Structure formats: structure tokens, C-alpha cells
Amino acid sequence: MASPESTPQTSNFITQLIDEHNRTGRYEGRVHTRFPPEPNGYLHIGHAKSICLNFGIAADYRGLCNLRFDDTNPAKEDVEYVDSIKEDIRWLGFDWEEREFYASDYFETLYEYALKLVRDGKAFVCELTAEQIREHRGTLTEPGRNSPFRDRAVEENLDLFERMRAGEFPDGRYTLRAKIDMGSPNLNMRDPVMYRILRAHHHRTGDAWCIYPTYDWAHGQSDSIEGITHSICTLEFEDHRPLYDWFVENLGIHHPRQIEFARLNVTYMIMSKRKLLRLVQENIVDGWDDPRMPTISGLRRRGYTPESIRDFADRVGVAKKESTIDIALLEHCVREDLNARALRVMAVLDPVKVVLTNFPEGQVEMMEAVNNPEDPTAGMRQVPFTRELYIEREDFMEDPPGKFFRLAPGREVRLRYAYIIKCEEVVKDNAGNIVELRCSYDPQTRSGMPEANRKVKGTLHWVSASESVEAEVRLYDRLFLREDPDETDNGEDFLANLNPDSLQILRARVEPSLVDALPGTLYQFERKGYFTVDSRYGRPGTPVFNRTVSLRDTWARMSTKS
RNA sequence: UGGGGCGUAGCCAAGCGGUAAGGCAUCGGCCUUUGGAGCCGACAUGCGCAGGUUCGAAUCCUGCCGCCCCAGCCA
């Protein structure tokens, strides 16, 4: 027995099964998986789990993983989706090399396989309508009844089936069904449909076919043709495994093992392609790649990295228990990755003016700032400091509570990489809104000077009023208000749980260096969060920033609690 | 009420007859020119429940209970 397998670092019920197969030699030590998306929507974080699992297992065992589009239903599928799916998998960091397949590649072989079952008396052409088939199927507790066409002669089945393919009959007139057992307690075994007549233009085969195989008939045989050893799918297909096995056994072809695991669910997210499609079609979001979407393309546009998504997929585990992962884990994974990589810059999201009354007018002093304290190789940069500055409105309080470490009348605060300042006067407009804070600065406390080591309550980020530039900043919050968006009060649908404040657009002031920010560059706006340039709305010279995720904010948590 | 699965901490998840890993979250403390990061510590006498087998049970047996999936010519 060849045993090229290595030992995977993670143990779960799937790797245990594979290890057992390797021990007994069931597949000669070979491990070959596949990721089989249907091109009827964009990939989401749940697919990412499956992609990481399938490609990951193949890599761990020095095997292969194919990409195979499960394109057996032309009515719902489109090339737009196959293109996006390929882009997303590549972006995640996986490579299927030349093994890009389509179930439609096998239509001819599948047809020949079907012919064999017909000749063997194991499949028949049925004339029952969809509704009649349902009636004959029986129920969960009652057995079904045989179709009156079940015992049609082989020759007649052959003739009818060939004419089905030839296009002699209208849509829905006949079906080809497997002849298994209408009395089976497993409804999937009650003479399942293998082919339906359907005139629809297929994105790959065009109008070459008017009969299309069903999932059950196409999937296992496609796996078999490709020499797949472990066909990993989600829990709801567990009931289909006996049928999967029946087809390959009765055809006498290579028999892959189907293994089912629990799909990923994440709090505050919906994973249903149907529902995501609705959000797109009803313009509730800005396309499949809206940064609030759980799609791979949405997460990418939001600023998530492939590394963080792969890490997340590793951490959620693989099991058969249906579970819902706390979105905090996903956020933890991006923060961890971004903390190590993001360039620190200063941006004031909700500016209020600060005037340093004792700082010379017209003077621009360059302050040296660290680009990434986690990465010395990221270097330093110069940030202009002037008499008039902006700080975050929420960093000042006229009448602060006890633990407020920021600016307040008569209090001192440090400006990051600059001086310690003291608030001397609050200027308000007629409506009582604060329009300006007049402060003094201590010239002996510039960063690097001995006096700068003085203990002060807090450190604020800032931006020069004259040297900074304006930029649009988009803050995102969860798309839904409930942990489980499908849980609604009185028969309403999931849209009732939409968060009306999931997108907030601000006009912020940012460091001058940011005018030329490019999509793909990862930033941390100090004290605020991680941001990246939006790939759709950002233009050279006028960047639009998306907030990927906020920084952990213990102050916010403290204030919410009290 | 047929069949197929699943129950280990707030959320995930190891465990595979020898006395409950790890992560997230949470709570303390240290440190800090990001209330970030980092560091230290706490967090299941308990594994859905009840019996049984055993020197010993989350692991084996029996019986209950709870949750999920299946009646598309969708995947």
C-alpha cells in the first residue's frame, strides 16, 4: 500500500476516517477531494470553511483538490457566478491547477451510465406529472406506491429515453427514474428522478441538451469519474448517501466516500444564497460585494485578509454538531492579522477644532511617527503639526465622569507623537454646540524631550487643520439586529431584523499622506480601528475608506455597562 | 408518530476505559505616548437526564429527554 500521507496538524472526525482508510488501504493511500459550488450565487464565508477544509485536507495528505462546478440546473446558473467563484477561491489562496471541471463536462458519460441502468432494468421512463410523483411518493410515515410505468419494457424505456434526449417531448412530459424501492423509509430511495426535460440555455453546453441530470444523479458519478476519494458535503445530504452509494454500486464504478459535516453559521449573518440574492435584487445592499455582506467579495472589499479568513476557518473546527459561531471570533481573527500588518495613521472621524493659543501662527512642525509598532521594518513618517488642529469630538467632555482619561476643561492630555496640551477655554455657538477648544501647549513636552515623559491621563490622536485632507469614511455595523436574523416576532421575514444603521458615512480629516491611499493597503486609524480604501468608490486623490473592524474598546465597554 | 443525525462552559471544540486540551467571550491584575497590542491569572468536582457494567465511565450497555434534517422534475 502506498502511503504518501502526512499527518495533519488538526484532528477531527474526517481526518480520522481518512487515517482509517489509509490504514486499511481503501484508496491505496490516495486522498483526492473536490470543492463543488453551484454557480448560482457568490461564495460566502460558509463556503470559505468548505474550501479551506477540502483544499486543506488535500494539502495535509499530499493529495489533490479539484474545483468542480455543479452546473446541472441551467435555469439558475450563470457565468458571472463562475467567474466570481474562481476569483474568490484564488484570492483565498488556493490553487486547483488545471483541475477545473464542470458536471456538464460529464453529460455524455452520465447519459451512457443512465442507458446502462435502463438496460439493466434499474431505471425507467415515467410519465407521471410532478404532482403525481409527489402523490406516489407517500409521506414520512407511509410508504409510497409504484409508478404505473415502473414495469415498462427495457426496449421501450430505451426508445423513450433516447427520444427524450432528441427533444421529441415537451418540458416535464417524462422523467427518467431509478428503480429502487418505493417502500423505503428513506424518501430519497423512492425511485428518485434522474433526468428531467428542461429547455433552458446552459452557460457551457448551450442548447445541446434538453434533458438535465438531477443533483443526485450527477454528483456522485462526477466524483467517481474524477477519482475523488472523499466527497465532503454538508449534513443535509446525509440522507442522500445511500442513494449516492446505490448509483456507484449499480454502475460498478469507482466508489468515493461521502462525508457530511455541519455547515458554518455565524451570529448576525445569513448564509442562505436565496436570501443574499434578495438583498442584492432588492437593492438593500450595494451588490454581492457590499462590505456588509458575508460574501468573500464583501469581506474582501471590507478589508478582511485571506489569512484572517483561513485562520477563522481553522479555528471554528469541523464536526457534525450544528453550531453558530460568535461573530466575535471572526473579528478577533482579522484584528490579530491586521494588528501585525496595518500601517498606523491618524484620522479624525468626527472633528472638533483645537487652537493652540501659544503656538506660532503659520508654523508647520514635522513630527516623527511610527508606522507600525508591531513591525520595526515598517519605518517612520513625518506628520505636520500646526497651531490649529482637529481632534475627535468624543475625546472632549465638559463635565467628564470619573474614569474619562481624555480632554476636559483645565485638564492635560498628550497629543500622540507631539506635545502635551491643556484645555483653557471652550467656545460655543449660539445653540450651545462646542465649535472650538482653546488650549495651550507645553513646548518642553515634544515627543523625545525629557519633559515628554511626564505622566498624563491620556493620549489623543489628531490631525493638522490646514495640512490634513478631507476623506469619506464608511463605518459598518452588523447588517442584522438579532444574533439569529431568521428569528422574527410575528411571521415577519428576516428583513424585519435589518439594522437601519448598518452603514454610516462620515466626512473625516486624514493625514496628508492618505490622499494617495490605494485599495489593498491596510491601515489602522490610531485608536479607531482598521480601515482600507474602498475598491469601488475610492478614486486616486479622493479615497473612500471602509472600516474593516473597530479596535477593541474597553472604554466603550465600560461606559455601556454603567 | 417513519428514517437519518446531533447533545462536553456563554459560543466553538479536543477527548476514543485511567480521573475534563485549546480558542473566542467574560472577569481581575501588570504594562503601555493607541483605553490598541502584549503579559499574568480566574473561568465544567463536571460531559442532556436516569439507571447499569467496571477497581475506575464524557468514553461501554439500557431507557428516556431535547434539537436538527428529509415528502423539488433545487443543490
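This is a predicted model, so every value here is computed, not measured. Order of the sequence lines fixes the chain letters, A, B, ..., with proteins taken first and strands second; residue numbering starts at 1 for each chain. Values below: all heavy atoms of this structure, side chains included; hydrogens, waters and symmetry mates excluded.
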Looking at every strand, decide which applies to A:Val456 at a 4.0 Å heavy-atom threshold: base, sugar-phosphate, or nothing. nothing
Could you grab the distance from atom CD1 of A:Ile197 to atom CG of A:Asp171, nearest 0.5 Å is fine? 7.0 Å
If the P atom of B:rG48 is compared with that of B:rC12, how far apart are they to the nearest Å? 14 Å
Phosphate oxygens OP1/OP2 of B:rC74: is one of them under 4.0 Å from a side-chain N or O of A:Arg196? yes
When all nucleic acid strands are considered with a 4.0 Å heavy-atom cut-off, which category describes A:Thr139: base, sugar-phosphate, or nothing? base
In whole angstrom, give me the gap between the P atoms of B:rA75 and B:rC70. 15 Å
Between A:Lys273 and B:rA75, is there a side-chain N or O to OP1/OP2 distance below 4.0 Å? no
A:Tyr244 and A:Gln258: CA distance, side-chain angles, deciding distance, side-chain hydrogen bond (donor to acceptor under 3.5 Å, both in side chains) verdict: CA-CA 8 Å; A:Tyr244 184 108; A:Gln258 178 181 294; 5.7 Å; no
Could you tell me whether A:Arg414 contacts a base, only the sugar-phosphate backbone, or nothing, with contacts defined as non-hydrogen atoms closer than 4.0 Å? base
Whole-Å distance, A:Asp171 CG to B:rC73 P, equals 15 Å
Any salt bridge linking A:Glu307 with A:Arg341? Criterion: basic side-chain nitrogen under 4.0 Å from a carboxylate oxygen. yes
To the side chain of A:His240, which of B:rA75, B:rG15, B:rC24 is closest? B:rA75
Partner nucleotide of B:rU59 by Watson-Crick or wobble geometry (both distances under 3.5 Å): none
Could you walk me through whether A:Asn40 and A:Glu38 pass the side-chain hydrogen bond (donor to acceptor under 3.5 Å, both in side chains) test, one step at a time? CA-CA 6 Å; A:Asn40 68 343; A:Glu38 182 190 9; 2.9 Å; yes
Is B:rG72 syn or is it anti, if syn means the base angle is within 90 degrees of 0? syn
Touch check for A:Phe13, heavy atoms < 4.0 angstrom, all strands: base, sugar-phosphate only, or nothing? nothing
Out of B:rG36, B:rC12, B:rA75, which has the shortest distance to the side chain of A:Lys321? B:rC12
Mark yes or no for a side-chain to base donor-acceptor pair under 3.5 Å between A:Gln16 and B:rC16, with no hydrogen or angle criteria applied. yes
Taking everything shown except A:Arg482 itself, do over 12 heavy atoms lie less than 6.0 Å from its CZ? yes
What nucleic acid atoms does A:Thr214 come within less than 4.0 Å of, heavy atoms only: base, sugar-phosphate, or nothing? sugar-phosphate
Which whole number of Å gives the distance between the C1' atom of B:rG56 and that of B:rA42? 30 Å
So does A:Lys528 pair up with A:Glu394, basic N to acidic O under 4.0 Å? yes
Give a yes/no on whether any side-chain N or O of A:Gln132 is located under 4.0 angstrom from OP1 or OP2 of B:rA71. no
Would you say B:rU34 has OP1 or OP2 under 4.0 Å from some side-chain N or O of A:Arg552? no
Across the strands shown, which category fits A:Ser184 at heavy-atom distances under 4.0 angstrom: base, sugar-phosphate, nothing? nothing
B:rC31 and B:rU45: how far apart are their P atoms, nearest whole angstrom? 33 Å
Nearest-nucleotide pick for A:Arg137, side chain only, options being B:rC70, B:rA25, B:rC73: B:rC73
Can you identify which nucleotide, out of B:rG36, B:rC24, B:rU33, has its nearest atom closest to the A:Asn339 side chain? B:rG36
By the Watson-Crick or G-U definition, both distances under 3.5 Å, B:rC67 is matched with B:rG5
Taking the minimum atom-to-atom distance to the side chain of A:Leu329, which one of B:rG23, B:rU34, B:rG5 wins? B:rG23
Hey, does the side-chain of A:Ser447 have a donor or acceptor N/O within less than 3.5 Å of a partner on the base of B:rU33? yes
Measuring only the C1' atom in each nucleotide, how far is B:rC65 from B:rG28? A whole number of Å is fine. 39 Å
At 4.0 Å (heavy atoms only), tell me whether A:Lys455 reaches a base, stays on the sugar-phosphate, or touches nothing. sugar-phosphate
Closest nucleotide among B:rU34, B:rG35, B:rA71 to the A:Leu187 side chain: B:rA71
Atom-to-atom span, OH of A:Tyr195 to P of B:rC74 - whole angstrom: 14 Å
Would you classify A:Pro36 as touching base, sugar-phosphate or nothing, given that sugar-phosphate means primed atoms plus P, OP1 and OP2, and contacts are heavy atoms under 4.0 Å? nothing
Quick one: is A:His332 getting a side-chain N or O under 4.0 Å of the B:rC24 phosphate, OP1 or OP2? yes
Sticking with atom P, work out how far B:rG4 lies from B:rG38, rounded to a whole angstrom. 48 Å
Complementary nucleotide for B:rC73 - Watson-Crick or wobble, under 3.5 Å: none
Could you give the distance separating B:rC60 and B:rG3 at their P atoms, to the nearest angstrom? 23 Å
Touch class at under 4.0 angstrom, heavy-atom based, for A:Lys528 against every strand present: nothing
Cation-pi geometry met for A:Arg416 and A:Trp462 (6.0 Å, 45°): no
Rounded to whole Å, CZ of A:Arg557 lies from P of B:rC24 at a distance of 13 Å
Heavy atoms only, 4.0 Å cut-off, all strands: where does A:Gly448 land among base, sugar-phosphate and nothing? base
Against the side chain of A:Val193, the closest entry in B:rC69, B:rC73, B:rG35 is B:rC73
May A:Tyr215 be described as stacking on the base of B:rA75, applying a 5.5 Å centroid limit and a 30° limit on plane angle? no
Identify whether any heavy atom of A:Arg241 sits under 4.0 Å from a base atom; if not, whether one sits that close to sugar-phosphate; answer base, sugar-phosphate or nothing. nothing
Need one value for A:Glu374: base, sugar-phosphate or nothing, where a base atom within 4.0 Å counts as base even if backbone is also close, heavy atoms only. base
Look through every strand shown and name the nucleotide pairing with B:rU19 as Watson-Crick or G-U wobble, where both distances are under 3.5 Å. none
On RNA chain B, more 5' by nearest nucleotide between A:Glu142 and A:His219 is A:Glu142
Under the 6.0 Å and 45° cation-pi test, does A:Lys422 pair with A:Tyr441? no
Just N and O in the side chain of A:Arg134: are any of them under 4.0 Å from OP1 or OP2 of B:rG72? yes
With rounding to whole Å, what would you report as the distance between B:rC24 and B:rA37 at their P atoms? 11 Å
So what does A:Asp70 hit on the nucleic acid, given a heavy-atom distance under 4.0 Å: a base, only sugar-phosphate, or nothing? sugar-phosphate
From CD of A:Glu131 over to C1' of B:rC73, roughly how many Å is that when rounded to an integer? 13 Å
Looking for any heavy atom pair under 4.0 Å, which part of the strands does A:Asp239 touch: base, sugar-phosphate only, or nothing? base
Nearest-Å distance, OH (A:Tyr268) to P (B:rC11)? 13 Å
Considering only side-chain heavy atoms of A:Glu236, which listed nucleotide, B:rA25, B:rC69, B:rG35, is closest? B:rC69
Can we say A:Asp311 and A:Arg315 salt-bridge, meaning some charged N sits less than 4.0 Å from an Asp/Glu carboxylate O? yes
Distance in Å, A:Glu127 CD paired with A:Phe124 CZ, rounded so as to fall on 0.5 Å steps: 10.5 Å
Quick check for you: among B:rU34, B:rC12, B:rG2, whose closest atom lies nearest to any side-chain atom of A:Ile325? B:rC12
